[in-house]
Amino acid sequence: MVKLFDNINEEVYRSYIFWSTILVVKMLVMSVLTGLQRFRKKAFVNPEDIATMPKLKLKFDDPDVERVRRAHLNDLENILPFFLICFLYLLTGPNVTLAKNLIRAAAFGRILHSLVYAVIVIPQPARLLSFLLTLIITLYMLLQCVVYYF
């Protein structure tokens with residue numbers, strides 16, 4: 001009898017771990033980028049942040065800060081499900097080359113999405129295409145899991 005985790009190819013799993021780590025680092029960088037934008041624009045949302053600067057007022061709606069925050073929120077909404085779905089996909093024993101390339105492409109899509117959304121703002125459809133790249137890969141992996149486990 002084959003155990004569930006016996007289906008995971010070590011090479012694919014290592015790729016999954018590597019690119020997942022890169023994506024976690026990217027999400028942490030987005031937090032730092034938000035803080036840097038707040039300082040640069042003096043757009044603080046907590047009273048204790050401006051307690052020593054009496055001339056400043058709380059600012060909740062700076063467009064540059066909000067852009068970075070939205071990019072970070074988009075990461076949380078898309079990268080975290082990708083981690084789970086991708087791991088379940090690895091349990092299906094996928095083709096090694098295909099799986100590794102899908103994982104790389106999904107990570108690239110999320111990195112590119114943050115770059116064109118929050119760092120170097122590029123007009124649409126750049127953000128949409130980078131978003132769709134990872135979404136389509138995640139949906140493909142999801143479908144493969146449904147078919148495999150059904």
Side-chain angles (χ1 to χ4, degrees), residues 4-46 49-50 56-150:
L4 188 62
F5 293 105
D6 289 346
N7 283 343
I8 296 180
N9 176 283
E10 184 176 344
E11 187 179 346
V12 177
Y13 186 66
R14 291 174 64 81
S15 181
Y16 168 74
I17 294 297
F18 175 79
W19 288 107
S20 293
T21 303
I22 296 298
L23 289 175
V24 168
V25 169
K26 190 199 86 51
M27 287 192 297
L28 293 172
V29 167
M30 293 303 291
S31 295
V32 172
L33 188 57
T34 301
L36 290 172
Q37 279 289 63
R38 286 197 183 286
F39 277 99
R40 187 175 75 79
K41 301 297 292 275
K42 296 182 179 23
F44 301 104
V45 295
N46 298 306
D49 295 339
I50 62 169
L56 289 182
K57 297 207 183 305
L58 294 179
K59 189 173 183 181
F60 297 94
D61 59 354
D62 183 88
D64 295 327
V65 172
E66 290 306 309
R67 177 175 285 277
V68 176
R69 288 185 69 239
R70 286 190 308 270
H72 191 192
L73 180 59
N74 192 280
D75 279 349
L76 295 172
E77 293 169 347
N78 291 280
I79 292 174
L80 297 178
F82 171 75
F83 289 158
L84 176 61
I85 297 303
C86 186
F87 181 75
L88 296 176
Y89 174 67
L90 296 185
L91 295 174
T92 68
N95 176 278
V96 172
T97 304
L98 176 63
K100 286 175 62 176
N101 285 323
L102 288 174
I103 293 166
R104 282 186 198 122
F108 176 74
R110 290 313 307 175
I111 293 166
L112 188 61
H113 182 268
S114 291
L115 288 174
V116 300
Y117 195 2
V119 179
I120 305 166
V121 180
I122 297 176
Q124 290 285 27
R127 189 174 82 230
L128 174 65
L129 294 174
S130 59
F131 169 79
L132 286 176
L133 177 61
T134 304
L135 179 63
I136 290 168
I137 290 169
T138 304
L139 291 174
Y140 170 78
M141 290 177 173
L142 181 67
L143 180 63
Q144 292 301 310
C145 289
V146 169
V147 168
Y148 183 83
Y149 293 109
F150 184 66

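The structure displayed is predicted, hence computed values, not measured ones.
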Novice: With sequence neighbours left out, write down each residue that passes side chain to side chain contact (heavy atoms under 4.5 Å, CB included) with Asn46, or none if nothing qualifies.
Specialist: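 Once residues adjacent in sequence are excluded, the partners of Asn46 under the side chain to side chain contact (heavy atoms under 4.5 Å, CB included) criterion are Glu48, Asp49.
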
Novice: Going by the salt bridge (Lys or Arg N to Asp or Glu O under 4.0 Å) test, which pairs reach into residues 121-147, not counting sequence neighbours?
Specialist: none

Novice: Taking the side chain as every heavy atom from C-beta outward, state whether Val68 and Leu36 have any pair of such atoms under 4.5 Å apart.
Specialist: no

Novice: Mind running side chain to side chain contact (heavy atoms under 4.5 Å, CB included) on Leu129 and Leu112 for me, showing each step along the way?
Specialist: CA-CA 9 Å; Leu129 294 174; Leu112 188 61; over 6 Å; no

Novice: Using residues 137-150 as the side-chain source, report each donor-acceptor pair under 3.5 Å to any protein atom, sequence neighbours left out, with the distance given to one decimal.
Specialist:
| from | atom 1 | to | atom 2 | distance (Å) |
| --- | --- | --- | --- | --- |
| Thr138 | OG1 | Thr134 | O | 2.9 |
| Tyr148 | OH | Asn7 | ND2 | 2.8 |

Novice: At what distance, to the nearest 0.5 angstrom, does CD of Glu10 lie from CD1 of Ile17?
Specialist: 11.0 Å

Novice: Atom CZ of residue position Phe108 - does it have more than 12 heavy atoms of other residues, nucleotides or ligands inside 6.0 Å?
Specialist: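 Result for CZ/Phe108: open.
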
Novice: For Leu76, what residues pass the side chain to side chain contact (heavy atoms under 4.5 Å, CB included) criterion, not counting sequence neighbours?
Specialist: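 Checked Leu76 against side chain to side chain contact (heavy atoms under 4.5 Å, CB included); matches are Met27, His72, Leu80.
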
Novice: Applying the side chain to side chain contact (heavy atoms under 4.5 Å, CB included) test to Ser130, which of Ile122, Leu115, Val116 qualifies?
Specialist: Val116

Novice: Given Val32 and Leu28, is the side chain to side chain contact (heavy atoms under 4.5 Å, CB included) satisfied, shown in steps?
Specialist: CA-CA 7 Å; Val32 172; Leu28 293 172; over 6 Å; no

Novice: For Arg38, check salt bridge (Lys or Arg N to Asp or Glu O under 4.0 Å) against everything at least two apart and list the hits.
Specialist: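 Arg38: no salt bridge (Lys or Arg N to Asp or Glu O under 4.0 Å) contacts found.
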
Novice: Mind jotting down which residue pairs meet the salt bridge (Lys or Arg N to Asp or Glu O under 4.0 Å) criterion with at least one end in residues 140-150? Sequence neighbours excluded, please.
Specialist: none

Novice: Does CD in Gln124 sit with more than 12 non-hydrogen atoms of other residues, nucleotides or ligands closer than 6.0 Å?
Specialist: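 Yes.
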
Novice: Please report the interatomic distance CD1(Ile79) to CG(Asn74), rounded to the nearest 0.5 Å.
Specialist: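 So the CD1 of Ile79 and the CG of Asn74 are separated by 8.5 Å.
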
Novice: Would you compute the distance between atom CZ of Arg110 and atom CG of Leu133 and round it to the nearest 0.5 angstrom?
Specialist: 10.0 Å

Novice: With a sphere of 6.0 Å drawn around CZ of Arg70, does it hold more than 12 non-hydrogen atoms of other residues, nucleotides or ligands?
Specialist: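 Atom CZ in Arg70 is crowded, with more than 12 foreign heavy atoms closer than 6.0 Å.
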
Novice: Please work out which of the three classes, parallel, tilted or perpendicular, describes the rings of Phe5 and Phe87, given edges at 30° and 60°.
Specialist: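 It falls in the tilted class, 30° to 60°.
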
Novice: Output every pair passing salt bridge (Lys or Arg N to Asp or Glu O under 4.0 Å) with a member in residues 138-150, not counting sequence neighbours, ordered by first then second residue.
Specialist: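 Matches after skipping sequence neighbours: none remain.
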
Novice: Residues in salt bridge (Lys or Arg N to Asp or Glu O under 4.0 Å) with Lys41, at least two apart?
Specialist: Asp62, Asp64

Novice: Taking side-chain hydrogen bond (donor to acceptor under 3.5 Å, both in side chains) as the cut-off, I'd like each qualifying pair that reaches into residues 18-34, sequence neighbours left out, listed once.
Specialist: Lys26-Asp75, Lys26-Ser114

Novice: Test: side-chain hydrogen bond (donor to acceptor under 3.5 Å, both in side chains). Region: residues 83-99. Which pairs qualify, not counting sequence neighbours?
Specialist: none

Novice: Not counting sequence neighbours, list each pair that qualifies as a salt bridge (Lys or Arg N to Asp or Glu O under 4.0 Å) and has a residue in residues 77-101.
Specialist: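 As it turns out, the salt bridge (Lys or Arg N to Asp or Glu O under 4.0 Å) pairs with a partner in residues 77-101, which skip direct neighbours, are Glu11-Lys100.
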
Novice: Going by side chain to side chain contact (heavy atoms under 4.5 Å, CB included), name the residues that satisfy it together with Leu90, two or more places apart in sequence or in a different chain.
Specialist: Ile8, Val12, Tyr13, Tyr16, Ile103

Novice: Is atom CZ of Arg69 surrounded by more than 12 heavy atoms (other residues, nucleotides or ligands) closer than 6.0 Å?
Specialist: no

Novice: How many angstroms lie between CD1 in Ile136 and CG in Leu102, if you round to the nearest 0.5 Å?
Specialist: 11.5 Å

